[in-house]
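Comments concern the structure below.
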Amino acid sequence: MLDQKMEAAINGQINAEIYSAYLYMSMATWFDAQQLPGMSHWMRVQAQEEWSHTFKFYKYVNERGGRVTLGAIDGPPTEWDSPLAVFEAVAAHEAKVTGLINGLMDLALEIRDHASSSFLQWFIDEQVEEEASAADMVGKMKHAATNPGTILMLDNELAARVFNPPVWLNI
Ligand code: MG
């Protein structure tokens, strides 16, 4: 049976994962408006990944005999100054999510919930990838900001991103 404090904390994280998907969808719409469809596509793939995280938590709560409860989702920002500003916002957001995941792990360790700490390890590792990917994109956008023309090349590159549904994503 899932500890009540852990259940509440994971329900909070489910809200944060849905917000992440919502934020990246908002960024996708901004890129569409800028005529950068490849970057918009990259953001929609990112949003799908966040939905997959949501369902990973959802399944875990159910497996442990807990109950998922859903709350209101905050509205995301809708305007950014530049592609670089968007990816800087991604990097800042992922750093925040890392803090939230670390907080969940701290709780699991504190209450000696070994199943949750084992489960959360996947998210700890995932955040290392998320932060590295965001930093990589920020670097590319900085390069593009000082090299006119590069942005369209990057738009083509980002168009190639593919969402690979993880094996556990069987909803
Ligand atoms: Mg996530």
Side-chain angles (χ1 to χ4, degrees), residues 2-3 5-32 38-64 66-78 80 83-109 113 115-141 158-171:
L2 191 57
D3 176 276
K5 261 198 284 185
M6 183 56 73
E7 180 187 272
I10 293 180
N11 275 318
Q13 189 61 34
I14 284 173
N15 188 284
E17 298 292 342
I18 296 172
Y19 175 78
S20 295
Y22 209 31
L23 172 65
Y24 295 138
M25 280 295 286
S26 186
M27 290 171 169
T29 69
W30 187 85
F31 279 122
D32 281 327
M39 296 194 187
S40 175
H41 167 82
W42 191 96
M43 285 296 170
R44 289 194 301 276
V45 170
Q46 186 75 2
Q48 280 182 291
E49 280 201 359
E50 299 306 338
W51 270 110
S52 77
H53 297 167
T54 302
F55 286 113
K56 193 171 176 75
F57 280 112
Y58 182 110
K59 281 179 77 170
Y60 178 71
V61 170
N62 281 348
E63 273 169 8
R64 296 288 311 280
R67 160 106 206 262
V68 173
T69 48
L70 302 177
I73 308 296
D74 288 341
T78 56
W80 291 269
L84 173 59
V86 178
F87 282 99
E88 283 175 339
V90 171
H93 181 69
E94 289 302 332
K96 195 176 132 194
V97 172
T98 298
L100 295 174
I101 299 289
N102 286 344
L104 290 177
M105 182 62 99
D106 288 345
L107 176 62
L109 296 175
D113 180 349
S116 291
S117 91
S118 172
F119 168 77
L120 289 166
Q121 188 61 49
W122 186 91
F123 284 95
I124 300 272
D125 299 340
E126 171 69 11
Q127 284 310 117
V128 173
E129 273 181 42
E130 292 279 23
E131 288 201 47
S133 149
D136 180 51
M137 296 308 303
V138 167
K140 284 178 170 165
M141 295 301 146
L158 268 62
R161 185 175 182 187
V162 175
F163 176 64
N164 293 311
V167 284
W168 43 261
L169 187 61
N170 177 18
I171 55 175

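Note that ligands are numbered from 1 as they come in the structure, with each ligand's atoms numbered from 1 the same way. Computed from a predicted model, the values in this text were never measured in an experiment.
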Plane angle bin for Phe119 and Tyr60 - parallel if under 30°, tilted between 30 and 60°, otherwise perpendicular: parallel

Neighbour count above 12 (heavy atom, 6.0 Å) for Tyr22 OH: no

Polar protein atoms near the Mg ion (ligand 1) [N, O or S; cut-off under 2.8 Å]: Glu17 OE1, Glu50 OE1, His53 ND1

Glu49 side-chain N/O to Phe163 backbone N/O, donor-acceptor pair under 3.5 Å: no

Polar side chain donor-acceptor pair, Glu17 to Gln13, under 3.5 angstrom: yes

Met105 CE: over 12 foreign heavy atoms closer than 6.0 Å: yes

Single hit among Trp80, Trp42, Trp30 for ring-ring contact (aromatic ring centres under 6.0 Å, His included) with Phe87: Trp42

